[in-house]
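Notes follow once the structure below has been shown.
Keep in mind it's a predicted model, so treat the numbers as computed, not measured.
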Amino acid sequence: MAIKMLDELIDIFAPPQQWPELDARKRVRIFVLSHLCGPFLGLPIPLLLFYVDPKPFPQVHILAASVLAFWLFPFVLRRWPQHYNVLSFVSILNLNFAVLWGAYNYGAVSSPFLLWYILIPLLAFFYLGGGLKAQLQVFGQIVLGLGSFSIASLISGNNLPEHIPVHSMMTAGLLSVFCSTTYAFVMASYYSAIVDNQSELIREIERHKETLHQLVAAKDEAESATELAEARNAELVEAKSRLEITALHDWLTGLPNRRYLDDILAQYCSHLGEIGGSIAVLHIDLDLFKQINDSMGHVAGDAMLMHVAKLLSDSADADDFVARVGGDEFIIVRTVETDNDGLANFAATLIEEICLPVPYGGKMCRFGACIGIVVESGHSVRAENLLINSDAALYRAKSRGRNRYEFFNEELRAYLEARTRLSEDLLRGIANKEFIPYYQPQIDARTREVIGLEALVRWMHPTRGVLAPGEFLQVAEELGAVDLIDMAVLDCAVDDLREWLRNGYIVPKVSVNVSAKRITDDNLIHNLSAMNLPKGVITFELVESIFLDDTDANLENNIKQIKDMGIDIEIDDFGTGHASIVSLLKLNPKRLKIDRQFIEPILRSKENAKLVESIIEIGKTLNIEVIAEGVETMEQAALLQKLGCDALQGYVFARPLPKPNVAALLMKTQHQAAS
């Protein structure tokens, strides 16, 4: 019982999951034990000296402080387990100091304190192992300590401190011998009896090796060897069973892992037609769990995962299968009838219980959960589809808010199938150069002349015709393909621009959208240089949400080099993102575009008109041109002109035009200018 309580105490400072390697676990556990019991065996010496020493300060007090410092090390280890080797080295240094401090002040070379020096190499072996590096570190400490002690003794000569006569230190010497011997005995006994015990699995493997040797040595004793082989085979089967259990379960929570779940789902699906009913999979993902890891540490996160694992196991039915499949993801598999109301109530109850705050370390941990549910029946159910569909339902639940559940249904199935087809088509379309620009004119607010074109992406789908960004942009973002589409549009726009210039058309400028991923790309400047872009007629439109007050160095460097290449910078959708005056000053764009959601109510809302006027005033103050997009009526255009807006863009002037129509527009504009 005492040993068990001692191990539980050691587990507080050195949790087994933090030290998975057996050798490291042995050393850290003996380290904790040494520092828990060390002061009990070391403090009697300074207490005795305090009693008999006529001048105890500061000798005894410093010695006692050094001994008591041992109780700090377990707590420091618990806070910073990654610094174990440093703590071990400092601990041995502390012991070295205590021994030599006591010896110098009480008896010098004949001091009983020097008996404790035998513990330094012993503890070094326990703490750091027998490696060459550890040996050199400890040897260096001993040499440095004894060297310093010897030099101090020689310098002092006959003037060494003599707080207690040497002939009167017999009691201190005996007590020192007893305490140091007991200290070494406790450490060695624990090391031999508890820490050095190998796991059952390792001992079984060693017994199997021994069995092999016995079988070879006893080949002439057939009957005895057969009996021994049968006994060892039974142990091998048991060891194999334990290995399989380890391979199929999560090390932290003890729940079945993803591999075990795959096996169970395959079995359920293969027998679903025979047993009847349906199979339900509840896919559970914790909300706000990352914040716990970030703010309180991974030990707290692990504790919350174990809490959720126990909660799910306790809440599930006896026939349910509960597994942990990822960092903060869990699965419950249940064979059910066709009643979804029971599953809905079960999911709602789980979410309610998971949302209850959990006390840990004097604080309350709060997190929630979303659950995706899929219910299938029949011979055609496949295990992988169950997980895919439950994950899709989970994704929908998370997209609609926190702490909710969603069922996978035919609508979601059709949506996923269409999404999959669209994803495949999109990647094919990028490869086949199906993404092209349509151009919307930008008009001078005063003269109503065309002062630029914005290149807006369109997808020339081979079967569905021309698709606007709203039909594919979200899928492109999920695939991480927005930068590829931006690149395709830029390439095509530059080719169109060069063709218009060769044909004698005057193109004031062409604005092209650039994604956040691409503007921070390390290869962006190299790629732009290789394109040999015409100077002064290409403008990059950057979404406002890219720019925070603390932009990274790579972003700032790219923007600077882009400007050096003669490419202007515009901020798109101004007012909807995160740009501040500070970031505007840092970026120093050529233009900013007021988002269409501020333009639409400008005639019926004085407050909105005032807001637009304020944005225009900010632009003028910072010497930045202002463009209003989404202008739908001439009344809006007139008011924006009155407010001082520089340029306008919207359906009232022209919709986005394909390349041939742009040529006609440019020709018409030039004829009007000439006349």
Side-chain angles (χ1 to χ4, degrees), residues 429-444 447-462 465-469 483-515 518-519 521 523-542 558 561-570 572 589-591 593 625 627 629 646-650 653-675:
I430 293 174
N432 292 343
K433 299 183 177 181
E434 295 173 2
F435 290 91
I436 63 170
Y438 267 43
Y439 300 93
Q440 187 171 30
Q442 295 173 337
I443 308 299
D444 187 289
T447 65
R448 303 300 165 90
E449 296 177 353
V450 176
I451 60 171
L453 303 169
E454 180 181 4
L456 303 170
V457 63
R458 295 293 185 268
W459 184 3
M460 299 297 292
H461 196 281
V466 180
L467 301 182
D483 57 323
L484 297 176
I485 294 175
D486 282 353
M487 190 182 305
V489 171
L490 176 60
D491 290 342
C492 193
V494 170
D495 290 342
D496 292 346
L497 176 61
R498 286 187 174 125
E499 182 178 337
W500 291 329
L501 294 176
R502 284 196 305 270
N503 293 334
Y505 297 117
I506 298 174
V507 183
K509 71 178 181 67
V510 175
S511 302
V512 182
N513 288 290
V514 179
S515 66
R518 192 153 185 242
I519 197 65
D521 187 357
N523 298 320
L524 174 64
I525 302 303
H526 173 75
N527 295 337
L528 292 177
S529 299
M531 293 177 68
N532 193 24
L533 299 173
K535 289 192 175 184
V537 290
I538 294 293
T539 297
F540 281 176
E541 286 196 7
L542 309 179
N558 277 3
Q561 293 190 65
I562 287 171
K563 290 181 178 180
D564 291 343
M565 297 171 66
I567 300 174
D568 288 338
I569 298 295
E570 292 182 3
D572 197 8
K590 180 73 173 178
R591 305 171 192 87
K593 296 178 70 174
E625 298 177 17
I627 303 175
E629 63 179 352
D646 297 296
L648 310 172
Q649 179 179 341
F653 301 110
R655 291 178 176 271
L657 304 171
K659 174 185 172 182
N661 296 36
V662 173
L665 175 67
L666 293 173
M667 182 181 296
K668 179 181 177 182
T669 302
Q670 288 182 226
H671 286 163
Q672 290 176 346
S675 61

Taking only distance into account, with no hydrogens and no angle test, what donor-acceptor pairs under 3.5 Å do side-chain atoms of residues 533-540 form with protein atoms, sequence neighbours excluded?
none

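- Gln442 has its side chain out of reach of Val450: every pair of non-hydrogen atoms, C-beta onward, lies at least 4.5 Å apart.
- For Asn527, the side-chain contact (heavy atoms from CB on, under 4.5 Å) criterion is met by Asn523, not counting sequence neighbours.
- Between Ile562 and Leu524, the closest heavy-atom pair is CD1-CD2, 3.9 Å.
- The backbone N or O of Glu449 lies less than 3.5 Å from no partner atom in the side chain of Asp444, so there is not a single donor-acceptor pair.
- Nearest heavy atoms, Pro508 versus Ile451: CB-O, 3.0 Å.
- For Glu625, the side-chain contact (heavy atoms from CB on, under 4.5 Å) criterion is met by Lys590, Arg591, Asp646, not counting sequence neighbours.
- Pro462 is linked by a side-chain contact (heavy atoms from CB on, under 4.5 Å) to Arg428, Glu434, counting only residues two or more places apart in sequence or in another chain.
- We find that Lys593 and Glu541 are joined by a salt bridge, their nearest charged nitrogen and carboxylate oxygen being less than 4.0 Å apart.
- Considering CG of Asp521 and CG of Leu528, their distance stands at 9.5 Å, rounded to 0.5 Å.
- Between Val489 and Asn513, every side-chain heavy-atom pair lies at or beyond the 4.5 Å cut-off.
- Here Arg448 pairs with Gln641 under the side chain to side chain donor-acceptor pair (under 3.5 Å) rule; sequence neighbours left out.
- Annotation: the span from Leu497 atom CG to Lys509 atom NZ amounts to 12.0 Å, rounded to 0.5 Å.
- A distance of 10.0 Å separates CE in Met487 from CD1 in Ile430, rounded to the nearest 0.5 Å.
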Exercise for review: Check the pair Ile436 / Lys659 against side-chain contact (heavy atoms from CB on, under 4.5 Å), numbers first and verdict last.
Suggested key: CA-CA 9 Å; Ile436 63 170; Lys659 174 185 172 182; over 6 Å; no

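- Put simply, the side chain of Lys563 reaches to within 4.5 Å of the side chain of Ile569, judged on heavy atoms.
- In terms of heavy atoms, Ser511 sits closest to Glu570 at OG-OE2, 3.5 Å.
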Practice item. Please report the C-alpha distance between Ser529 and Ile525 in whole Å, then the side-chain angles of each, then the deciding distance to 0.1 Å, and finally whether the side-chain contact (heavy atoms from CB on, under 4.5 Å) criterion is met. Key: CA-CA 6 Å; Ser529 299; Ile525 302 303; 4.2 Å; yes

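- Using a 4.5 Å heavy-atom threshold, the side chains of Arg518 and Leu542 count as separate.
- Contact annotation: the side chain of Pro437 approaches that of Asp496 to within less than 4.5 Å [non-hydrogen atoms, C-beta and beyond].
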Review point. Is there a side-chain contact (heavy atoms from CB on, under 4.5 Å) between Ile627 and Leu648 once you walk through the steps?
Key: CA-CA 6 Å; Ile627 303 175; Leu648 310 172; over 6 Å; no

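- Here the shortest heavy-atom pairing between Leu666 and Ile506 reads CD2-O, 3.7 Å.
- Heavy-atom minimum distance, Leu456 versus Pro656: CD1-CG, 3.7 Å.
- Between Val510 and Val494, the closest side-chain pair of non-hydrogen atoms is not below 4.5 Å.
- Put simply, the side chain of Arg458 reaches to within 4.5 Å of the side chain of Pro469, judged on heavy atoms.
- Partners of Asp564 under the side-chain contact (heavy atoms from CB on, under 4.5 Å) rule, at least two apart in sequence or in another chain, are Lys560.
- Side-chain atoms of Val662 and Trp500, non-hydrogen and from C-beta on, do get closer than 4.5 Å to each other.
- Atom CZ of Phe435 is separated from atom CG of Leu467 by 8.0 Å, given to the nearest 0.5 angstrom.
- A donor and an acceptor atom, one from each side chain of Tyr438 and Asn661, are nowhere located under 3.5 Å apart.
- Residues Gln440 and Glu454 bring no donor and acceptor atom of their side chains to less than 3.5 Å of each other.
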